[in-house]
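Position 1 is the first residue of the sequence; numbering continues from there. What you see is a predicted model; the values in this text were computed from it and never measured.
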Amino acid sequence: MSLDTSIDGRAVESAPTEVPAFPEASERVRALLAEMTLEEKAAQIVGYWLDQGGEVVAPLADEMSTAKDGRTLADITKDGIGHYTRVYGTRPVEPTERAAWLWNEQRRLKTETRLGIPALVHEECLTGLAAWKAATFPTPLAWGASFDPELVAEMGALIGESMRDLGIHQGLAPVLDVIRDPRWGRVDECIGEDPYLVGTVGTAYVKGLQSVGVHATLKHFLGYSNSRAGRNHAPVHAGPREVADVFLPPFEMAIRDGGVKSVMNSYAEIDGVPVASNPELLTTVLREQLGFDGVVVADYFAIAFLEVMHAVAADRGEAAAQALKAGIDVELPSGDAYLAPLVERVRSGQLDEGYLDRAVLRALSQKEELGLLEPDAFAGEAPAEIDLDSPRHREVALRLAEESLVLLTNDGALPLVADARRVAVIGPNADRAAALQGCYSFANHVLAHHPEYEIGFEIPTVREALAAALPEAEVVFAEGCQVEGDDRSGFDAAVSAAAGSEVAVVVVGDQAGLFGRGTVGEGNDVESLDLPGVQRELVDAVVATGTPVVLVVLTGRPYAIAWAVDGEQPKPAAVLQAFFPGEEGGPAIANVLTGKTAPSGRLPISLPRSSGSSPYSYLHPILGGPSDVTSTDSTPLRPFGFGLSYATFAYDDLQVAATAATDGAFEAAVTVTNTGEVAATDVVQLYARDVVGSVTRPVAQLLGYARVALEPGQSRRVTFEVPTQRLSFTDRTLTRVVEPGAVEVWAASHAEASAKLTGPEETTGGVISNEKARGLRVIPGEATAREVVTLTGDVHVVTPEDARIVGVRIA
């Protein structure tokens, strides 16, 4: 695949005007377009934010908000409207009452506007529908930790059903940004650091949401997560090969395999070119190369940002022209650029009306597909009863939360003994519902501005869940400290609680929020990966009591916790990593801690050894790893894919096809056995390394994965059918190819098992000495021997017809 991002925004604006190619559209849609005035066309490609004002739930929302000037909604929509922005998700509204209002408002648009076109309603839905009383699921980083696309698809369908019942048509999710720097605040919105994991899990969410008739929106096209120094909205400096090979594949998968209906642009500028004004990305790559035929919506205020943040446009009209020509069809959340400034530019002849018509055709075609143009749309009544947090919601939320929990260390302290008499539960996140939810949960996104409102559904805290799971034990609680700040006044009570208990569960971590309100989330970027505040000191103080400590790290990003995982004694006896596990996160943590459920989560992002080791990716070439020519060590504390269980697993009898055509596929099979004493699920991971390439290649690359449930002593054969295009990359001519040659393939439980391990086996979690894998902790028998498959034939140029994902059979 070729990729050229060299066109700058101003050159695009001053280029000769060419009438764009029109998308396919029905006769009904084309007839509507032919009837429209310029103002009516512009109205169909903008949003209107009904409740904007006061709450900061988007970047620079205060500065970008527009006064309503006393106008009525009828005045504002006299020419029609494209989208209604966040009808349910801007402030707490009773869902059934709001639904009744929305049905009436849609009928008003049908009867009181000249063309009678209803509004498309969009909402955020990253951790569930962002509305009051709606279920809150685990954050996307937890989706990645589960390595379970099928369950994520189930969740997506449930979220979609809630949205559909409320008259919502489009969800602004999933986020397909590949994590590159854990200092970035939006890490908790992302799925992981591997493009294939992000693509498979994200595509599953798309399929689930769209299976019930709600359109998904991929965010953020393209490269947003590579912002310099992990700062939100910072410039991105990435070569075209990194863009094509790391950031693009998840979007390609969701488009070709998921059939996604909408894409949202990135705020980023790549090598000085804002994505919002880049036709090479938004049209050439997205539409012509990937085959996307849906609607591109602007991230909130992104078009205005071409003027006020990027300074590539002199005014809103120039910004509108650049964005429209580049390929952004709909301006969200409002119409700062695509209303009067765009109309004036078209009317004056500065912009060909064909660009406006192209966007309107796409927007109207989407409304037609959603049924909004049908005569009987909204003919009935709004639902009188809507259950946004049903038992089915909670069952899926619990399963996904359980599967996402990653056990990092365990010296035998877990599972907790059932007959414990006194358990101390300590820490700033031990008894807070907000600590279980991500940045885009309604509670942390919106309710933080409305403390007078209850959360609207049951969400047991870790303390409450442990008390329920250990009914015979006395569970004592001490906060110890807060997430942020340097107040140590609670240390004495925490130490006293721990000293008199058989075990202390200490729950530390993050508070998700927006733009400085919290420790992680959009706009909450950090310079250090140390735990916020004085939380480490609290853990040290509790550990010093001599009571065994189980540390639960409840966060939206990985932190540098080497002191707790691999540090010198005394240290916690066990460490469990939880990524904002949602409304059932408390019970899920309690189930894992007590042994009701064996942990099966795996790290979707490498756990950093220190702040200074970031940014790091397991997908690094040889020069990106540790070596004798530098005094720094980039080896992660725990690698991508790592996770312990209460069982142990052995891999053997790896068989890999000896040869495969560069335009074909090959099989790799391995037997996995539960060598432990409890039933558990393993995540079998297949990796590869291109031995010699025309450009440098990663030392390890995930080819496929499978969750395998095993009873004690049970073995199962896992077979991966791998299309060779999984080994494709962008060559020196910026063409995506599969090259012939040797490829090493191995099955393992995590990415760092690619190293050739030497030395004696030790107990589970012990260190195997190897100068090329310093500090690596492995499970004995986890990595099978490498096999080599030789790709034969000519260099194969990857085409759209090659798009396939890895198939898995478990016998």
Rounding to 0.5 Å, atoms OH (Y559) and CD (Q535) come to a distance of 8.0 Å
Contacts of R392 meeting salt bridge (charged side-chain N to carboxylate O under 4.0 Å, His left out) (sequence neighbours excluded), chain-then-number -> E154, E395
| query | Going by atom types alone, do Q577 and T555 pair a side-chain donor with an acceptor below 3.5 Å? | reply | yes
Sorted by chain and number, sequence neighbours left out, side chain to side chain donor-acceptor pair (under 3.5 Å) with N524 holds for none
On a heavy-atom basis, the closest approach of D510 and G556 is OD2-N, 3.0 Å
Residues pairing under salt bridge (Lys or Arg N to Asp or Glu O under 4.0 Å) where one sits in residues 412-425, two or more places apart or in two chains, turn out to be R421-E502, R422-E474
Next on the checklist: Whether the Y705 and D194 side chains hold a donor-acceptor pair (N or O, under 3.5 Å, no angle test) is what I'd like checked.
Outcome noted: no
Report yes if the side chains of H393 and F137 come closer than 4.5 Å at any heavy-atom pair, otherwise no.
yes
**Prompt:** Can you check whether P599 reaches N410 side chain to side chain, under 4.5 Å on heavy atoms?
**Reply:** no
Is any side-chain heavy atom of R394 closer than 4.5 Å to one of E583?
yes
As a quick check of understanding, evaluate side-chain contact (heavy atoms from CB on, under 4.5 Å) for V684 and V670, giving each step before the final call. CA-CA 9 Å; V684 181; V670 67; 4.0 Å; yes
So OG of S749 and OH of Y687: to nearest 0.5 Å the spacing works out to 8.0 Å
Salt bridge (charged side-chain N to carboxylate O under 4.0 Å, His left out) filter on D148, not counting sequence neighbours, yields R707
So CG of L654 and CG of L686: to nearest 0.5 Å the spacing works out to 7.5 Å
Hits for ring-ring contact (aromatic ring centres under 6.0 Å, His included) against Y618, two or more places apart or cross-chain, chain-then-number order -> F640
By salt bridge (charged side-chain N to carboxylate O under 4.0 Å, His left out), E537 pairs with (sequence neighbours left out) R488
Contacts satisfying salt bridge (Lys or Arg N to Asp or Glu O under 4.0 Å) that involve residues 547-562 (not counting sequence neighbours) are none
Point to revise | Expected output: side-chain D525 to main-chain G185 donor-acceptor under 3.5 Å | key: yes
Side chain to side chain donor-acceptor pair (under 3.5 Å) filter on D492, not counting sequence neighbours, yields none
### Message
Treating N429 as the side-chain partner and V483 as the backbone partner, does any N or O pair qualify as donor plus acceptor under 3.5 Å?
### Response
no
Tell me, with the steps shown, if D181 and S614 meet side-chain hydrogen bond (donor to acceptor under 3.5 Å, both in side chains).
CA-CA 6 Å; D181 193 330; S614 295; 4.8 Å; no
Distance col, row F580:CZ vs L554:CG, nearest 0.5 angstrom, shows 6.5 Å
Does R602 use its side chain to pair, donor to acceptor, with the backbone of S600 at less than 3.5 Å?
-> yes
query: Counting heavy atoms not belonging to Q569, are there more than 12 under 6.0 Å from its CD?
result: yes
Given the options V708, L710, T648, N674 meets side chain to side chain contact (heavy atoms under 4.5 Å, CB included) only with L710
Sequence neighbours excluded, the answer for ring-ring contact (aromatic ring centres under 6.0 Å, His included) partners of F720 is none
So CD of E189 and CG of L141: to nearest 0.5 Å the spacing works out to 11.0 Å
Between N444 (side chain) and A434 (backbone), is there a donor-acceptor pair under 3.5 Å?
-> yes
### Message
We want to know whether S617 and H620 form a side-chain donor-acceptor pair, criterion being a heavy-atom distance below 3.5 angstrom.
### Response
no
Test item: L607 and F642 side chains (from C-beta on) under 4.5 Å apart, heavy atoms:
no
Open item on the list: As a quick check of understanding, evaluate side-chain contact (heavy atoms from CB on, under 4.5 Å) for H445 and L126, giving each step before the final call.
Closed with: CA-CA 11 Å; H445 206 73; L126 194 63; over 6 Å; no
In R638, R609, K571, the residue satisfying side-chain hydrogen bond (donor to acceptor under 3.5 Å, both in side chains) with D566 is R638
Going by heavy atoms in the side chains, are L702 and Q685 under 4.5 Å from each other? yes
Rounded to the nearest 0.5 angstrom, the CG-OG distance for L529 and S613 is 7.5 Å
(Q) Any heavy-atom pair between the side chains of D431 and E464 that's under 4.5 Å? (A) yes
Query raised in the report: Is there side-chain contact between V526 and T519, with heavy atoms separated by less than 4.5 Å?
Result: no
Atom CD of E479: over 12 foreign heavy atoms under 6.0 Å:
yes
Sorted by chain and number, sequence neighbours left out, ring-ring contact (aromatic ring centres under 6.0 Å, His included) with Y196 holds for none
Those residues at least two apart in sequence (or on a different chain) that pass ring-ring contact (aromatic ring centres under 6.0 Å, His included) with Y205 are W143
Sorted by chain and residue number, the salt bridge (charged side-chain N to carboxylate O under 4.0 Å, His left out) partners of E677 (sequence neighbours excluded) come out as none
| task | Walk me through it: do L576 and V550 pass the test side-chain contact (heavy atoms from CB on, under 4.5 Å)? | result | CA-CA 8 Å; L576 183 72; V550 174; 5.5 Å; no
Q. Can S606 and E193 be counted as having a side-chain donor-acceptor contact under 3.5 angstrom?
A. yes
Would you call P626 and S634 a side-chain contact if the rule is heavy atoms closer than 4.5 Å?
yes
Heavy-atom nearest pair, A494 first then G480, reads CB-CA, 4.1 Å
